[in-house]
Protein chains: 2
Amino acid sequence: MDDRVSSPPHLAISGVLAQLRGYLASASLPDDGRLPPERELADVLGVTRAEVRKGLSVLESEGQIWRHVGKGTFLGARPPQLVDISDLSQRSNPLQVMKARIALEPELARLAAVNGTAADLATLADIAVACREAETWREYEAFDSRFHHQIAEAAHNPILLALLETLNAVRRAVTWGRARPSHSRPPADHHSFADHDRIVDALSHREPATAADAMRRHLQNVEDRLVGRLG
Amino acid sequence: MDDRVSSPPHLAISGVLAQLRGYLASASLPDDGRLPPERELADVLGVTRAEVRKGLSVLESEGQIWRHVGKGTFLGARPPQLVDISDLSQRSNPLQVMKARIALEPELARLAAVNGTAADLATLADIAVACREAETWREYEAFDSRFHHQIAEAAHNPILLALLETLNAVRRAVTWGRARPSHSRPPADHHSFADHDRIVDALSHREPATAADAMRRHLQNVEDRLVGRLG
DNA sequence: CACTATAACCAAAACAATATTGGTTGCGAC
DNA sequence: GTCGCAACCAATATTGTTTTGGTTATAGTG
């Protein structure tokens, strides 16, 4: 245990660590919190790149910094990665999609009852009619999608609208089992028609709680049929 | 009105339209549904680029195709654009963020009560304790953020987790007015401590409705203080 | 042998320069 | 005026190069 001349290995590392901490405290970093590349740091601090990396590893495990190949080394916590639709759709199933819809859409209906303009609701009523008159399942589903999207528009909350659109993107990417015959069409007594009417009615009467409840029941109906409890 | 020699303009357009429809029906397009650039199409069909564009405009208004500068022309409906956090945060305000949280998080709490593992809930309880012991507002907010994130983890729904993370990214980007003094800390009777406890309690007793309600009340408290009705 | 400094290499990401592509405008011919 | 033609514009893709964190091989040092 001789540390007179040069620091022994296990102490040298902590020495680099101290140097690094000092650097972080003193150096003025750019706005994005990026610090110099490892090679440069090694040069500035007068130590090996390997030593710098050891020190940075400690700081990273402490949560002080985060690193990424090609990007660099940054101060603070690692930012959350953006949604990757294809990845997300492969880690999800239709039931989880329904649960997400049940979380979002009743609240969207509630907000639409408060924030929606008369023009918003008129458009929505038109879409509900178009749903009834669709001549194929494919056409119906397109209008049904627009129906729910229009409610999100009427809520006038750009964040929730963006979240619903993300959810819809995942929904399209998730493989759904049921492939309906292209020639058939939704029956005249399809439950969604009445569901949609109840939602439109509650919105036009500006009843937030009723609208949210109608939407929740509607989606619950869809989920029940998905799981096989009905339909 | 002489149409013996060459088709009059308004018929020539429909001629191109027919050609285009035929092309779409016959030509084998790549997987992404992309069709040749306008210049090439004009060459292949032996018409002007302007005529091709008129035809494509009709097809686009019919919803058959969608186009974008630099990208090209594609079959089908225009895909929804992904969320642009910085853009979204500039078009939103803190109240809308709260409304979005109120839409998502109570339902996440409900799912966490059903799907969360014992380990999930133990971690959550630890974080709740850390919230109480935080010595600065900044530290408290970091733990509070982890608290809500952990509930989303416990819900075991990757879609909703991704949506909450997107929402949190927007939340960070939105400029919040209140800048608390860095030396102060949350008071011991801060309402969130009791709120968190009620949520943890409901989850550990596996009571979905109670958990959702506790979360909703918690967020409502936060919103009330934001709007200035309280605290 | 144990440890380390040095260099080279790798894949991911950034960066820069160029080419495509839908959208638009101006000009001449008829 | 209308149409054909070409040039131009801005957004995007594409391609090639550089940077950067992560890894490995090799030789040096005690």
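Within every chain, numbering begins at 1; the chains are lettered A, B, ... in the order of the sequence lines, protein sequences first and strands thereafter.
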When rounded to whole Å, the CG to P distance for the pair A/D43 and C/dA5 reads 15 Å
From CD of B/E51 across to C1' of D/dC5 the rounded distance in Å is 13 Å
> Between B/H68 and B/F74, does the ring centre distance come in under 6.0 Å?
Replying inline: no
Between CD of A/E40 and C1' of D/dG21 the distance, given in whole Å, is 14 Å
In whole angstroms, the gap separating C1' of C/dT21 from CG of B/L35 amounts to 12 Å
query: Phosphate oxygens OP1/OP2 of D/dT20: is one of them under 4.0 Å from a side-chain N or O of A/T73?
result: no
query = Please walk me through it: do B/D120 and B/T117 pass side-chain hydrogen bond (donor to acceptor under 3.5 Å, both in side chains)?
reply = CA-CA 5 Å; B/D120 290 333; B/T117 67; 3.1 Å; yes
Check: Distance check: side-chain N/O of A/R53 vs OP1/OP2 of D/dG21, anything under 4.0 Å?
Finding: no
Rounded to whole Å, the CD-C1' distance (B/E38 to C/dT24) equals 11 Å
Under a 3.5 Å threshold, yes or no: a donor from one side chain and an acceptor from the other, between B/R53 and B/T73? no
Among C/dC9, C/dT6, C/dT21, the one nearest any side-chain atom of A/A50 is C/dT6
| said: Would you say the rings of A/H196 and A/F193 are close, in the sense that their centroids are separated by under 6.0 Å? | reply: no
Query raised in the report: At under 4.0 Å, does any side-chain N or O of A/R49 touch on OP1 or OP2 of C/dA5?
Result: no
In whole angstroms, the gap separating P of D/dG21 from CZ of A/R78 amounts to 13 Å
- Counting only side-chain N and O atoms of A/H68, is one of them less than 4.0 Å from OP1 or OP2 of C/dA13? yes
Rounded to whole Å, the CD-P distance (B/E60 to C/dT21) equals 17 Å
Inset, instruction - Answer yes if the side chains of B/H148 and B/N168 hold a donor-acceptor pair under 3.5 Å, and no otherwise. - result: no
For B/T48, answer base if it contacts any base atom (sugar-phosphate contacts may also be present), sugar-phosphate if it contacts only those atoms, and nothing otherwise; contact means non-hydrogen atoms under 4.0 Å.
sugar-phosphate
| Below 4.0 angstrom from OP1 or OP2 of C/dG23, is there any side-chain N or O of B/R67? | yes
Of the candidates C/dA13, D/dT20, C/dG22, the side chain of A/K71 sits closest to C/dA13
When rounded to whole Å, the CG to C1' distance for the pair B/D32 and D/dA13 reads 12 Å
